[in-house]
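Numbers restart at 1 for each chain; the letters A, B, ... are given by sequence-line order, proteins then strands.
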Amino acid sequence: MLQQLEQIQKQASEELEKINDPKELQLWKVRYLGRKSKLTRVLRSLATLPLEERRKVGVRGNEVKNILESSLAEREKILEEARIASSLKYKKLDVTLPGQPLSVGRLHPVTQTLEEICDIFKRMGFQVVEGPDVEWDYYNFEALNIPQEHPARDMFATLWVDAEVGGGKARLLRTHTSPVQIRLMEEKRPPIRVVVPGRCYRYEATDATHESMFYQVEGLAIDKNITMADLKGTLFEFCRCVFGEERKVRFRCDYFPFVEPGAEVAIECLACHGAGCRICGYTGWVEILGAGMVHPDVLRRGGIDPQAYSGFAFGMGVERMPMLRYGIDDIRLFYANDLRFLKQF
Amino acid sequence: MKVSLKWLSEYVDIKLTPQELADRLTMAGIEVQGVQTVGGWENVVVGEVLAVTPHPDAERLKLATVNLSSQQLTVVCAAPNIAVGQRVPFARVGAQLIDGHTGEMLTLKPAKIRGILSEGMVCSEKELGISDSHEGIMVLPSEAPIGIPLGEYLGDTIFDLDVTPNRPDCLCLIGIAREVAALTGEEVHLPEVDYQEEEQSIDSLISVDITAPELCPRYCASLVTGITISSSPVWLQQRLRSYGMRPINNVVDITNYVTLEYGQPLHAFDYHKLKGHKIIVRRAKNGEVMTTLDEVERTLDENVLVIADEEKPVAIAGIMGGWESEVTDETTAILLESANFDQATIRRGARHFQLLSEASLRFEKGLSRELPLVALKRATRLFHELAHGKVAKGVVDVYPGKLEPEGILISAEEVKRLSGLDVNIDEIVKVLTSLGFECRQTSVPSQALIFSPYWRSDINCAADLVEEAVRIIGYDKIPATRLSASLPEQEVAPRLELREKIRGIMVGLGFQEVLTYSLTSLEKLRKLSIELEPGALKVANPMTKEQEYLRPNLRAGLLAALATNQKVESGSIRLFEIGKVFLPQPVIATPSSPSLRGAQATKQSPRAENELPWEKEMLCALLSGPKASLSWRGEKGEFDFFDAKGVAENLLQGLRIAAEFKPGSDQNLSPAESAEIISEGDRIGVLGVLHPKMAQAFELDGVVCLIEIDMEKLLSKPIGQREYTPIHRFPGVSRDIALIVDEGTSYQQVESIIRSFPLVTEVTLFDLYTGEQIPQGKKSFAIRVVYQSPDRTLTDDEVNQVQQNMLDKLNQELGSILRS
Ligand SMILES: [Zn+2]
């Protein structure tokens, strides 16, 4: 028996050294370590041997089994390393070949800007709401202190759906997002803190700086004790987020019929840094938005007591921001929808 | 509005530099849009023409001897208007001048002209760069000091001001002077307004009657006789020119001058042409006709206010004078009108007649009712002084619309409440006083009662006074604080969330977002064969035909955008837009979400027969060109129906909306290749290949696929709702089957039968085949079915049993055969 074991070990070891193929290795394993292998058979027959021999053969048998198993593991390791080494050899790629092209989609630059603006105000506790593009004269003008034949109507060349009639009853394409102010006040009670993005329209011949359609973001905050200082702080914070810490910001008196006191925010020209150039009309400043404290008559029309509450409102053009930032000199590019333009954002 | 600082400084001392002053005005609400410096003429001085003699050798040339104080020079001159005694700009050798013919800058050199040495020249306005006038030499006012540099005498800084519509009082020099005075702590110097009167009283010479006092709150007039119409003094002409006004004659020039000074429009009638020596301010009669100054015959109606004599209208009040009563060279007596008219009437009239005159633009902004008399006196003085007129005693002043001044209370607390600026009442009173407000003390120490100066028509409430105080103190003094008020209740915004989610998915699927106009053309809508109802939503005053109709869908705009891009891009193009379309309100109420409630009729608003359109949000996407960009390992082939369907499926899966697809019949899509997207029995969209006719109409190349989804319908679905099922612990068994079915059998029929069996968890079609080995009129589906149980490992027998039942049912219901 012991002799048989020696023979098994010798034969198995010799065969194993010649194996270079994982499949053969499996066959070898079945042959020498499998359930029907000679070694298994020897070990199974132990019970029939006399006690003395059984112990000797048993010890030796297990030794042989362990040796074969560790030899197998070693051989497997060698074969695996050889396989990895050989697989590396021929897979040398031309890494300069172009990668698989995948289609990349992008949001329109105006959408991106709207998201950026709204996100900044959301962080300051403003909620985003919207209003209709087709409005009543009442909401667009009358309720905002711009009755018919008011000279301020000249500031808003209007596209009318109905012919202009008195009483605020004609429909029009809103000329600004401010009508949403009244709609909100009619529906909500203070505290109100919202931003309103949306499309606006003007009866205007288009050129590099004028479009008949454009986007605005309106802001409105109403509560007890809201002051112009809060307005200034909120808008300066906004400008800091968009244009950076270093950019100079100017807060000056301006007129809009639905706010009092009124204000305008301008930033130092991005192109000339305040020295004066064509973009800023040689003033060194570019207007970013109009703002002010909600006019007491407007609050009253919205059903809010101007003695008890105060609030601020602002409105900004959206296209202006990417135009300033990227030096885009023609607003019409935004709605020409040329992919060669859109893909750059 | 342009303002000459030189002229302005006659009314207020200016100690700031022009740039400092510009900054102060801008911060305080009057934006200085431009600062232009006039001057810089080196080697040009004021000269006096001593003698003019003919050139010995040239008929058209003259020799002018000019006194420059320190010396006299004789130069050759061709100007027809040169005359002895004139003060003229004289350029010495070395001066930089503009060539009157070529427009180029050149340096003056000594020249021999027809044998005579000329060392210098008398200049035209064009040569000095002052204007384009080159007909003759520039003639300076007679008081111009001889010998001083021209820059010292004529140099100026011109501000270009943007005066907001609420401040008509600032549309004149005195108005700006008042602002400057308040901002810099100076006094305003008002011009002289007194003059010598004749014996005869004006009342015996003219009568004025206002029959429409609601449209004419005040009418003032003076009468000046013995006038000789001539040109006005040079200094006055120059001032008008610097404002871009053409000098006409002394009468017109004086009225314009006073308008620039005070902001009050004035009108001069030829007194002798006023029938009955009467002025009646009345509404026109319907159909009444008059010829205006511009020689156009105009038909009037009762909404037009006219100035009439005994017989007929002689002017459209505040807009334009009449042809017949116009001042001419023969005029010797004028009736000078200075009145106040209803602003809305003027604005409507000026737009109706398309006569936006200097006068109407001022009246329509609402002028002070106290201004007419002041301006009238100033102009009358100038007529006396400059035109040597004789002024009748007294003035006409009919004033039916006199307003009692009303005081407004202001307090330091209110200034603080609105502006956030801590100022005491003394400071507020000081600032308001500097602006001309009258401030009275009240019983409350921190409060004052404020009366506006006559020229301010824009102050109506305490907030207006807060602005006045703060803008003079300075907006830069307002602190910048953070909102400290409590946050409002947070509201859910499903529409915004859905939109953002869809945008994210579409961009992820490789689509570029575009934004197209809300307005479209009839032509484009016709291309889409859209039947326009008589009440189709359109703009009453479109700017162009291209933008006339409110879009009823996104297709037109998007297809046009695709056409634009196909011209420059040969690769694949994927575009999408999410936007509003405009439709008449449906009869049955449609679900509206809070953010769009405006589009639905709401309660308080003052509406009549009309209602606002339904603003419905849609998604539209287009695919065109090759499936993939050109690449060495690129996928070949063009986009087709199933690419579009894949997009729709991916989108809806992303939103977790279950949907099925049925053959569609959209008229813009190819009949064989279009589908409706159905979710819970509701048609939520369409997709398909664009009808070749549409492609042709929009000049599109190749196959174009379109996907359109109704966002309102999506909003009514429970978006993102999901049910959690635990992950299966037991392995699934997958089996592939190949079924031969009739060509007419839809895949959906097959799949729904397979899915009706228990244990089936996944069904995937992985091949569709027709051709060899498949009988005519049949097709083969290769389908992988996964069987799985939540509570045990399935045995082969179990799976075989289910599959056999399945195949039997498929055979019974669809006649399908298992392909061997
Ligand atoms: Zn600049």
Checking A:I192 against chain B: side chain, backbone, both or neither under 4.5 Å from a heavy atom?
backbone
In sequence, state the C-alpha distance, the side-chain angles, and the governing distance for B:Q33 and A:T283, and then conclude on side-chain contact (heavy atoms from CB on, under 4.5 Å).
CA-CA 7 Å; B:Q33 293 177 314; A:T283 62; 5.5 Å; no
Short N-O contact, B:K580 and A:E130, less than 4.0 angstrom:
no
Less than 4.5 Å apart, any side-chain heavy atom of A:V134 and any of B:P613?
yes
Using side-chain heavy atoms (C-beta onward) and a distance below 4.5 Å, is A:L159 in contact with B:Q547?
no
Counting only heavy atoms closer than 4.5 Å, note whether A:T158 contacts chain B via side chain, backbone, both or neither.
backbone
Polar side-chain atom of B:R482 near backbone of A:M124 as donor-acceptor pair, under 3.5 Å
no
Applying a strict 4.5 Å limit to non-hydrogen atoms, the region of B:L575 in contact with chain A is side chain
Can you tell me which portion of B:L519 sits under 4.5 Å from chain A's heavy atoms? Options are side chain, backbone, both or neither.
side chain
So which part of B:S518 gets closer than 4.5 Å to some heavy atom of chain A, the side chain, the backbone, both or neither?
both
Which atoms of A:R199 come close to chain B, meaning under 4.5 Å heavy atom to heavy atom: side chain ones, backbone ones, both, or neither?
side chain
Heavy-atom pairs under 4.5 Å with chain A are the metric here; pick the option from B:D464, B:N541, B:D162, B:T564 that has the most.
B:N541
Does the side chain of B:E31 come within less than 4.5 Å of A:R252's, by heavy atoms?
yes
If one checks every heavy atom of A:Y215 against chain B at 4.5 Å, the contacting part turns out to be side chain
Quick one: do the A:E211 and B:Y517 side chains pair a donor with an acceptor below 3.5 Å?
yes
Under 4.5 Å to a heavy atom of chain B? For A:S310 that would be both
Within the side chain of B:E513, is there an N or O that forms a donor-acceptor pair under 3.5 Å with the backbone of A:L107?
no
Side chain, backbone, both or neither: which part of A:A263 has an atom under 4.5 Å from a heavy atom of chain B?
both
If one checks every heavy atom of A:F251 against chain B at 4.5 Å, the contacting part turns out to be both
A:L173 portion near chain B, given a 4.5 angstrom heavy-atom threshold:
side chain
Salt-bridged, A:D154 to B:R351, with N to O below 4.0 Å?
yes
Would you confirm whether A:N337, through its side chain, and B:N565, through its main-chain N or O, come within 3.5 Å as a donor-acceptor pair?
no
When the 4.5 angstrom heavy-atom criterion is applied to B:R574 and chain A, the contacting part is side chain
Side-chain heavy-atom pair B:D458, A:Y255 within 4.5 angstrom cut-off
no
Separation between CD (B:E467) and CD (A:E260), nearest 0.5 Å, reads 4.0 Å
Structural part of A:V161 lying under 4.5 Å from a heavy atom of chain B
both
Is chain B contacted by the side chain of A:A205, its backbone, both, or neither, given a heavy-atom distance below 4.5 Å?
both
Checking B:E569 against chain A: side chain, backbone, both or neither under 4.5 Å from a heavy atom?
side chain
Looking at A:K188 and B:E491, is any side-chain nitrogen of the basic one under 4.0 Å from a carboxylate oxygen of the acidic one?
yes
Okay, A:Q112 and chain B: the region with an atom under 4.5 Å from a heavy atom over there is neither
